[in-house]
Amino acid sequence: VVIVLLGSIFVNLASSFGTGFVSENGFYITYLIITSIMLVSFVSTMDMVALAIERILTVVKIIVPLYALAMNFVGQTVASVGMYEMVMVGIWIVQAIILRFIIPMIKFYVIISLINNLNQEDSFSKLGILVMNIVNWVLKTTVYFIVGLNIIKGLIEPQIDALGRNTVNRLATIVPGGGIVSALTGTFLWPGAVVKNSVGVVGIILLLVVVLVPIVKLLIVMLTVRITSVMIQPIGEKRYVDGVETIAKGNQLLLQVLFSSVVLFMLTIAIVAYSAKS
């Protein structure tokens, strides 16, 4: 805010004396100083989001094998294999699409938008809108894709496991003393189901803990940048405000990336836990 105030005073004074060249250079110097500060903040935020996503993947790689083992223990072999496959697909999506494509695209959007504000003519705004739309579309498509596959698998695979358990129980009742064995087996598997659901709940809680602090920091940064743009609008040129708003939109996209990454795995665990309940 102080930089914009001083730069605006200098630009207006230069304009009043009829020195348009000095006035234009004053704008460029002020704008470059502002964008330098904003870009340092944005890169720091981007690194924080990337680190949070890596921690999400670490938690998932620890929890999912334990959860799959617990599912196998209670006789949900097919569902556990399907869940493990879906989590592997989710990890690949996060690593290959979100970390290596989406986050660089957000950085590209911010840089293009900042460059566009250097000139009075609008040259790259449509490109920036296109990049933003691509980012939003890819994020929504990946989440819908994983959730849709999980719902389909949740409707089929638990029924296969249930059919196998029912078949075994019926065969056991035919054998003399098989009814007692079947009852004991059910009693033995009930604590396993409790452990399995507990592992799922712990996994969801750990994912929330991992992303809670980065999300709060992102919200604070977004609020600070928005307040800054409101404060400089009455005293600075429109391109100053547009540059600050670009950083705010970039942080908003990073928040969507982090939220989509954690929701993708949380919904997978929740859908599997609900559909494969014993």
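Position 1 is the first residue of the sequence, and the numbers go up from there. Note that the structure is predicted; figures quoted are calculated from it, not measured.
- At a threshold of 4.5 Å between side-chain heavy atoms, the hydrophobic network of Ile, Leu, Val, Met, Phe, Trp and Tyr places Y31 and I33 in one connected group.
- No side-chain heavy atom of T246 sits less than 4.5 Å from a side-chain heavy atom of M38.
- Inter-residue side-chain proximity for I98 and I53 is flagged as met; some heavy-atom pair is nearer than 4.5 Å.
- The shortest distance between side-chain heavy atoms of L114 and L39 falls below 4.5 Å.
- Under the 4.5 Å side-chain heavy-atom criterion for ILVMFWY residues, no single connected hydrophobic cluster contains both I62 and V94.
- Atom CG of L255 sits about 7.5 Å away from atom CD of Q252, to the nearest 0.5 Å.
- In this structure, the side chain of N251 engages the main chain of I247 through a donor-acceptor pair within 3.5 Å.
- The number of heavy-atom neighbours closer than 6.0 Å to CZ of R55, taken from other residues, nucleotides and ligands shown, is 12 or below.
- Residues V210 and A52 share a closest heavy-atom pair of CG1-O, 3.9 Å.
- Shortest non-hydrogen contact noted between T142 and L264 is O-CD1, 4.4 Å.
- The closest donor-acceptor contact from the side chain of S113 to the backbone of V110 lies at 3.5 Å or more, if one exists at all.
- A248 and M222 make their closest contact through O-CG, 4.5 Å (heavy atoms, listed as atom of the first residue, atom of the second, distance).
- Connection of L218 to L223 is established within a shared hydrophobic cluster, with ILVMFWY side chains joined at heavy-atom distances below 4.5 Å, either directly or through further cluster members.
- L207 has its side chain within reach of V60: a pair of non-hydrogen atoms, C-beta onward, lies under 4.5 Å apart.
- Remark: Q233 CD is loosely packed, at most 12 non-hydrogen atoms of other residues, nucleotides or ligands lying under 6.0 Å away.
- Residue I220 is not grouped with residue V49 when hydrophobic side chains (ILVMFWY) are merged at heavy-atom distances under 4.5 angstrom, including chains of intermediate members.
- Considering OG1 of T224 and CG of L219, their distance stands at 10.5 Å, rounded to 0.5 Å.
- Grouping the Ile, Leu, Val, Met, Phe, Trp and Tyr side chains by contacts below 4.5 angstrom, directly or via other members, places F101 apart from V43.
- Taking CG from N136 and CD1 from I102, the interatomic distance works out to 9.0 Å, rounded to the nearest 0.5 Å.
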Side chain to side chain contact (heavy atoms under 4.5 Å, CB included) for I37 and I3? Distances and angles first, verdict last. CA-CA 11 Å; I37 297 173; I3 292 171; 3.4 Å; yes
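- One finds the CD1 atom of I29 at 12.0 Å from the CD1 atom of I34 (value rounded to the nearest 0.5 Å).
- Looking only at distances, no side-chain donor or acceptor of S260 sits under 3.5 Å from a matching main-chain atom of V257.
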Checking M105 against I134 for the side chain to side chain contact (heavy atoms under 4.5 Å, CB included) test, could you report, in this order, the C-alpha distance in whole Å, the side-chain angles of both residues, the deciding distance, and whether it holds? CA-CA 9 Å; M105 286 288 286; I134 290 174; 4.3 Å; yes
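- Heavy-atom contacts from other residues, nucleotides or ligands closer than 6.0 Å to CZ of F124 number 12 or fewer.
- In this structure, I103 CD1 and L253 CG are separated by 11.0 Å, a value rounded to the nearest 0.5 Å.
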Walk me through whether L254 and F42 qualify under side chain to side chain contact (heavy atoms under 4.5 Å, CB included). CA-CA 10 Å; L254 289 176; F42 178 74; 3.6 Å; yes
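- The two residues S41 and V221 make their nearest non-hydrogen contact at OG-CG1, 4.3 Å.
- Annotation for F259 and V262: closest pair O-CG1, 3.3 Å, computed over non-hydrogen atoms.
- Nearest approach of M48 to P214, heavy atoms of both residues: CE-O, 3.7 Å.
- In this structure, the separation between CE on M132 and CD1 on I112 is 13.0 Å, given to the nearest 0.5 Å.
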